[in-house]
Structures are given as structure tokens and as C-alpha cells.
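Taking it in order: structure first as C-alpha cells, then the write-up.
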Amino acid sequence: IFLPNGVDPDRFKAGDGEGFRSKYQISSSSTLLITIGRIDPQKNQRFGINILDVLKKSGSDVHMALIGHVTNDVYFESLKQDIQHLGLENDVTIIPGIPPGSQALVDAYHAADIFFLPSLHEPFGIVILEAWAAGLPVIASRVGGIPSFVENDLDGLLFEPGSLEQGLKAIRALMTNIDKRKKIAEAGQIKATKQYSWDRITND
């Protein structure tokens, strides 16, 4: 018997996104990219900072939130140094871990405009299911188990891991095309509910 990962859609259906932004002083007008995963080289948050740097230099009003427990202190220090070196201290919010079962995590998803997962290694990516359930459009690296359930240009946008050009293209596509962003988010939410809800998985 094979049981895939699942999600509780009802839990992620509603959240206080405005409250989350207010708490962490993130402008309501900024496009918020959110990455959730342990702070570790495998999750590749430093790549996300490079993406943010290019977006900011091109004039985009964008902010990035990195949420996850620190599992590699050396990498965490390098990440903070990158942010400081590029002058992005006011454009990045780092939250070293939100409990998985907390409402604060749900609020974080609802505060964001785009979920961004630049991992170099990802067996599955349950955070994608959570983002979908919260109604977020997903952009993720084409790695590990992700391409097995994310359909590129239908319920997510995939890019080759480490490709700055492809990552930027995907983010800009959703930042500039609200209809596309909405369409991809809705397709992901339907998939999370119909194919990956725990009720559906356990009944099957």
C-alpha cells in the first residue's frame, strides 16, 4: 500500500495575512515571496537572495520572507552576510522556525503573494501542498519528487535548480500577470483538495 503525503485543506483555508505583515513590518503594497523550509544548503535560500537582489535592482517592490529552523549555523551566517553585503536588510524577513501546527504558519502563507521553493534536494515538498491549500501560486525548482506532482504551467511553475535566469522568468511571470497567478493558484488549490487531502488519501 502506497500512501502519498497529504494536507488538511481546512486548516490552511483561512489566515490573518494582514496581521502577519503588520507584525513583521512588511509593507502591504510589496509583493511578498515566501520560502518555508529549514535553513540549510539543501534548501538554497541564498539563491533566493540573489533572485531578490536582481528584482530590487530592476525596481520591483518585492519582499522575501524566509521561514525555517536553522539546521546549519555556518550556512545561516553566510545567508545573513549575503543579505548585508547586498544591502537587503530591509527587504528580507528571516523567521528561524514557526511550529508546524501553529496558526502563525497558516498566517504566513496567507500573507504571501507567491510561494517560492528553490531547493537543491527535495524528496517530496509537503510545503507545496500547504501553499496550494492556502491558495498560493507555487514556483519551485525541478528537483527530486516535485515534478512528480507539480504540473509545470498548470498548477505551478518549475525551473532548473540554480538557474537564475529561469527563476527570475518564473517570478516575473507571476508578478506581472495577475490572471496567470490566480489561475495557477486555483489549480493548485483544487489539486490539494481533491487529490492530496488526508480524507481523500485515507479513503482511497
Side-chain angles (χ1 to χ4, degrees), residues 7 11-12 14-58 60-72 75-120 122 125-141 156-157 159 164 167-168 170-172 174-175 181 184-185 188:
V7 68
R11 178 178 170 237
F12 290 92
D16 184 9
E18 291 183 6
F20 181 90
R21 286 194 182 224
S22 177
K23 179 179 179 178
Y24 292 100
Q25 300 180 339
I26 301 171
S27 171
S28 59
S29 64
S30 297
T31 298
L32 178 58
L33 306 176
I34 190 170
T35 297
I36 296 178
R38 57 194 173 87
I39 297 178
D40 186 275
Q42 290 186 357
K43 300 300 182 179
N44 207 21
Q45 290 94 346
R46 293 180 73 183
F47 174 79
I49 296 303
N50 289 333
I51 288 269
L52 179 65
D53 182 49
V54 176
L55 291 171
K56 294 297 295 186
K57 286 178 178 175
S58 67
S60 297
D61 182 9
V62 60
H63 193 96
M64 182 169 284
L66 306 176
I67 300 173
H69 295 286
V70 178
T71 55
N72 187 310
Y75 181 75
F76 184 40
E77 289 303 315
S78 296
L79 179 66
K80 292 189 291 184
Q81 289 173 14
D82 287 350
I83 293 168
Q84 184 177 20
H85 175 72
L86 294 170
L88 297 173
E89 294 96 332
N90 296 326
D91 305 300
V92 181
T93 298
I94 300 178
I95 306 172
I98 292 178
S102 70
Q103 181 60 37
L105 180 64
V106 179
D107 294 342
Y109 281 112
H110 281 271
D113 297 292
I114 297 170
F115 182 76
F116 183 59
L117 190 65
S119 302
L120 296 174
E122 199 70 58
I126 195 170
V127 287
I128 291 177
L129 299 183
E130 295 176 349
W132 276 347
L136 270 182
V138 167
I139 298 174
S141 52
L157 295 182
F159 64 95
L164 191 66
L168 282 167
I171 291 174
R172 284 171 170 155
L174 296 191
M175 286 181 64
R181 186 195 306 180
I184 286 178

Check your understanding: Could you walk me through whether K57 and D91 pass the salt bridge (Lys or Arg N to Asp or Glu O under 4.0 Å) check?
Key -> CA-CA 12 Å; K57 286 178 178 175; D91 305 300; over 6 Å; no
Check your understanding: Looking at CG of L174 and CD1 of I139, how far apart are the two atoms once the value is rounded to the nearest 0.5 Å?
Key -> 4.0 Å
Exercise for review: Could you grab the distance from atom CD1 of I98 to atom CD of Q103, nearest 0.5 Å is fine?
Suggested key: 10.5 Å
Review point. Can you tell me how far the CD1 atom of I94 sits from the CE atom of M64, to the nearest 0.5 Å?
Key: 11.0 Å
Check your understanding: For P118, does its backbone N or O pair with a side-chain atom of N44 as donor and acceptor, under 3.5 Å?
Key -> yes
Check your understanding: Where does the angle between the aromatic ring planes of F47 and F116 fall among parallel (under 30°), tilted (30 to 60°) and perpendicular (over 60°)?
Key -> parallel
Check your understanding: Hey, mind stepping through L55 and R172 against side-chain contact (heavy atoms from CB on, under 4.5 Å) and telling me if it holds?
Key -> CA-CA 9 Å; L55 291 171; R172 284 171 170 155; 3.9 Å; yes
Exercise for review: Report yes or no: do D61 and S30 form a side-chain donor-acceptor pair below 3.5 Å?
Suggested key: yes
Exercise for review: For residues A131 and V138, report the shortest heavy-atom separation together with the two atoms involved.
Suggested key: CB-CG2, 3.9 Å
Check your understanding: Donor-acceptor pair, Y109 side chain versus G15 backbone, under 3.5 Å?
Key -> no
Exercise for review: Can you see which heavy atom on L157 is nearest to which on A170, and at what distance?
Suggested key: CD1-O, 3.6 Å
**Study point:** E89 atom CD: more than 12 heavy-atom contacts under 6.0 Å
**Key:** yes
**Study point:** N/O donor-acceptor pair under 3.5 Å between H110 side chain and E18 backbone
**Key:** no
Point to revise | Residue pair R181 / P137: nearest heavy atoms and the distance that separates them | key: CG-CG, 3.4 Å
Study note, to complete from the structure: Correct closest heavy-atom pair for I49 and D82 would be CG2-CB, 4.4 Å
Practice item. Show your reasoning for whether side-chain contact (heavy atoms from CB on, under 4.5 Å) applies to V7 and I126. Key: CA-CA 8 Å; V7 68; I126 195 170; 5.7 Å; no
**Study point:** Heavy-atom side-chain contact between P41 and L120 under 4.5 Å
**Key:** no
Review point. Any sub-3.5 Å donor-acceptor pair from S141's side-chain atoms to S119's backbone N or O?
Key: yes
Practice item. For the residue pair L129 and F12, establish whether any side-chain heavy-atom pair is separated by less than 4.5 Å. Key: no
Review point. Can you list the steps and then say if E122 with K43 is a side-chain contact (heavy atoms from CB on, under 4.5 Å)?
Key: CA-CA 8 Å; E122 199 70 58; K43 300 300 182 179; 3.0 Å; yes
Review point. Would you say the side-chain atoms of R11 pair up with the backbone N or O of V106, donor to acceptor, closer than 3.5 Å?
Key: no
Review point. Which distance, rounded to the nearest 0.5 Å, do you find between the CD1 of I26 and the CZ of F20?
Key: 5.0 Å
Exercise for review: Using a 4.5 Å cut-off on heavy atoms from C-beta on, say whether the side chain of L136 contacts that of I34.
Suggested key: yes
Check your understanding: With I39, which of L79, T71, I95, I67 fulfils side chain to side chain contact (heavy atoms under 4.5 Å, CB included)?
Key -> L79
**Study point:** Sidechain N-carboxylate O distance under 4.0 Å for K80, E77
**Key:** yes
**Study point:** Shortest non-hydrogen contact between A185 and G135, atoms and distance
**Key:** CB-O, 3.4 Å
Check your understanding: Below 4.5 Å, heavy atoms only, C-beta onward: do L105 and E130 meet side chain to side chain?
Key -> yes
**Study point:** Donor-acceptor pair between S27 and H63 side chains, under 3.5 angstrom
**Key:** no
Practice item. Output yes when a side-chain donor or acceptor of D107 lies under 3.5 Å from a complementary backbone atom of D16, and no otherwise. Key: yes
Practice item. Starting at CD of Q45, measure out to CD1 of I51 and round the result to the nearest 0.5 Å. Key: 13.5 Å
Exercise for review: Nearest 0.5 Å please: distance from the OG1 atom of T35 over to the CD1 atom of I114.
Suggested key: 10.5 Å
Practice item. Assess the side chains of D113 and T31: does a donor N or O sit below 3.5 Å from an acceptor N or O? Key: no
